[in-house]
Amino acid sequence: MAATEIVRQMGEGCRSLPLSAHVGFDSLPDQLVTKSVNHGFCFNILCVGETGLGKSTLMDTLFNTKFESEPNSHSQPGVQLKSSTYDLTESNVRLKLTVINSIGFGDQINKEDSYKPIVEFIDSQYEAYLQEELKIKRVFHNYHDSRIHACLYFIAPTGHSLKSLDLVTMKKLDSKVNIIPIIAKSDAISKSELTKFKIKITSELVSNGVQIYQFPTDDETVAEINGTMNAHLPFAVVGSTEEAKIGNKMMKVRQYPWGTIQVENESHCDFIKLREMLIRVNMEDLREQTHTHHYELYRRCKLEEMGFKDTDPDSKPFSLQETYEAKRNEFLGDLQKKEEEMRQMFVQRVKEKEAELKEAEKELHEKFDRLKKLHQEEKKKLEDKKKSLDDEVNEFKKRKTATELLQSQQAGGSQTLKREKERKNCYLCAVLQLILLSAAWGSWSGSGFL
């Protein structure tokens, strides 16, 4: 008999029996409480909203502490998710709180894909938990559950209607996380405008099919208060870490020239309602909804993508081993097919590359032959030119030699003429002297000196 049939029969044959004396398993709730307190709790809050809506301030106000945060500018190139984890203790109950802030959301000119980083972040936390769950050796007792338990969606207090970005983002997130819409900085609009704004927001959420988190009413202990609070959604809140003395006690306030807003006064804002519903009444339900609804939806889709199903076409339970073997064989078949395709593609590319290389080699040979022929022609031209220049040099040397010889001959003739001229000059001088002497002799003879 199959194991499933045995289990089914055991379940059908279960009977209720009275106890004749005290056994002790009525202490199981106390044991569970003690174990939970010793282990501690974790809670992860995602704050989504435009820069400057007071997300960090509201977190400080909710948990009565000062978290580490830095002011963010409006010049972010894209949406970024910043996660910070803190260990809080209240009355010996330890809480590991993780606050995830969406930095730069709604600050870009093109806001079409602003929701994508948020969706990817939520999915990555589910994927990390699924991978841990599928391990052979799991360590859930030490594993930090980073799945988002609550998403506080901050709506700007415009007083008119929701922005397209708000509707698109909440529609993309409603199947992945528990959305609690809140109107931030609600003291910026009047009470009458706030009432109309709440009605408008609720109407738009319903008409666009956005599923926000509804506080559970199936538990009688909280059914009445949760039913009342569901009617107050979205909560109009004001956050502040500034304190002032009101009456005889210190209270968190926001002070203005015209008056003071008391954060914890329900006639001023819905902060008390938000804290009651989020932390004091429904924190465990938010954690449970995340695990049993949103994570299960993600897990089921992932496993179906991997080929796992609960039943076959004949409505018979699937064997995990058979499914795994079938998926493994399918994967190996696809792998072999892809390997063969890659091999064929590789061979084809090798052939194409060889053809390209041969063509390139042929072109290189042709180019080499052309260059070689051109080189020979250039070399012949240079040799002819060299020979011509050598001939011109020899001819020039011959002419130079003849010119030098002629110049030397011309220089010798001019010296002969010069000597002849000097000789003639000497001869003329001698003749002139003789004439002068003759004349002088004649004159002396006539005067009787002789």
Side-chain angles (χ1 to χ4, degrees), residues 26-47 58-59 61-65 88-99 145 147-155 170 173-184 186 194-195 198-199 201-202 205-206 210-239 252 262-297:
D26 58 348
S27 65
L28 277 174
D30 297 332
Q31 296 176 33
L32 182 60
V33 169
T34 303
K35 184 179 179 180
S36 299
V37 170
N38 292 335
H39 184 266
F41 301 89
C42 73
F43 192 66
N44 307 318
I45 300 178
L46 171 63
C47 299
L58 184 63
M59 288 298 102
T61 312
L62 273 174
F63 292 93
N64 286 325
T65 187
L88 307 179
T89 303
E90 184 179 38
S91 300
N92 296 324
V93 176
R94 293 181 293 109
L95 176 67
K96 181 173 284 189
L97 176 68
T98 300
V99 179
D145 185 5
R147 296 173 297 177
I148 306 300
H149 300 126
C151 172
L152 296 182
Y153 196 94
F154 289 70
I155 301 171
M170 283 193 278
L173 296 180
D174 64 357
S175 62
K176 298 179 179 295
V177 71
N178 301 312
I179 300 177
I180 302 177
I182 58 177
I183 302 173
S186 61
L194 187 59
T195 302
K198 281 188 175 186
I199 296 173
I201 291 173
T202 304
L205 292 176
V206 172
V210 179
Q211 300 294 326
I212 63 174
Y213 174 73
Q214 295 291 320
F215 304 118
T217 56
D218 51 354
D219 186 354
E220 295 180 358
T221 59
V222 295
E224 183 178 355
I225 185 173
N226 281 347
T228 303
M229 291 304 166
N230 282 329
H232 284 83
L233 288 172
F235 293 133
V237 299
V238 177
K252 290 183 173 61
Q262 299 176 23
V263 174
E264 297 176 314
N265 188 333
E266 292 193 51
S267 64
H268 289 188
C269 69
D270 296 333
F271 174 78
I272 291 293
K273 296 182 178 67
L274 173 63
R275 187 170 64 186
E276 289 285 332
M277 293 296 98
L278 179 67
I279 301 175
R280 298 180 181 176
V281 179
N282 298 302
M283 178 181 282
E284 181 57 32
D285 184 73
L286 287 165
R287 286 158 41 89
E288 183 180 350
Q289 282 292 320
T290 299
H291 182 75
T292 60
H293 179 67
H294 299 295
Y295 170 69
E296 281 299 320
L297 178 62

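What you see is a predicted model; the values in this text were computed from it and never measured.
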Give, for atom [atom1] of [X] and atom [atom2] of [Y], the distance between the pair rounded to the nearest 0.5 Å.
| X | Y | atom1 | atom2 | value |
| --- | --- | --- | --- | --- |
| D219 | I225 | CG | CD1 | 12.0 Å |
| K198 | F235 | NZ | CZ | 7.5 Å |
| M229 | T217 | CE | OG1 | 14.0 Å |
| H149 | Q289 | NE2 | CD | 12.0 Å |
| Q214 | L233 | CD | CG | 6.0 Å |
| H232 | D270 | NE2 | CG | 6.5 Å |

So, do [X] and [Y] sit near enough that their side-chain heavy atoms are less than 4.5 Å apart?
| X | Y | value |
| --- | --- | --- |
| K252 | N64 | yes |
| F271 | L62 | yes |
| S267 | Q262 | no |
| C269 | V237 | no |
| L173 | V210 | no |
| Y213 | D285 | yes |
| C42 | T98 | no |
| Y153 | I212 | no |

Taking [Y]'s backbone N and O only, do any of them form a donor-acceptor pair with [X]'s side chain (distance below 3.5 Å, no angle check)?
| X | Y | result |
| --- | --- | --- |
| R147 | N44 | no |
| H268 | V263 | no |
| D174 | Q211 | yes |
| H294 | S175 | yes |
| N178 | A150 | no |
| N282 | F215 | no |

Checklist entry - With no hydrogens and no angle check, do the side chains of S27 and Q31 hold a donor and an acceptor under 3.5 Å apart? => result yes
For [X], side chain to side chain contact (heavy atoms under 4.5 Å, CB included) partners two or more places apart:
| X | result |
| --- | --- |
| S36 | L32, F41 |
| E220 | none |
| T34 | N38 |

Item to check | Other residues, nucleotides, ligands: >12 heavy atoms within 6.0 Å of D30 CG | outcome: yes
Next on the checklist: Using the rule given for side chain to side chain contact (heavy atoms under 4.5 Å, CB included), can you reason through D145 versus T290, listing the C-alpha separation, both sets of side-chain angles and the distance that settles it, and then say yes or no?
Outcome noted: CA-CA 11 Å; D145 185 5; T290 299; over 6 Å; no
Checklist entry - Which pair of non-hydrogen atoms, one from L278 and one from L286, has the smallest distance, and what is that distance? => result CD1-CD1, 3.6 Å
Next on the checklist: Please find the pair of heavy atoms, one from E264 and one from I272, that lie closest to each other, and give the distance.
Outcome noted: O-CG1, 3.6 Å
Checklist entry - Please walk me through it: do I279 and F63 pass side chain to side chain contact (heavy atoms under 4.5 Å, CB included)? => result CA-CA 9 Å; I279 301 175; F63 292 93; 3.8 Å; yes
Item to check | K273 and E276 ion-paired at < 4.0 Å | outcome: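 Here K273 does not pair with E276 in a salt bridge, since their nearest N and O are not under 4.0 Å apart.
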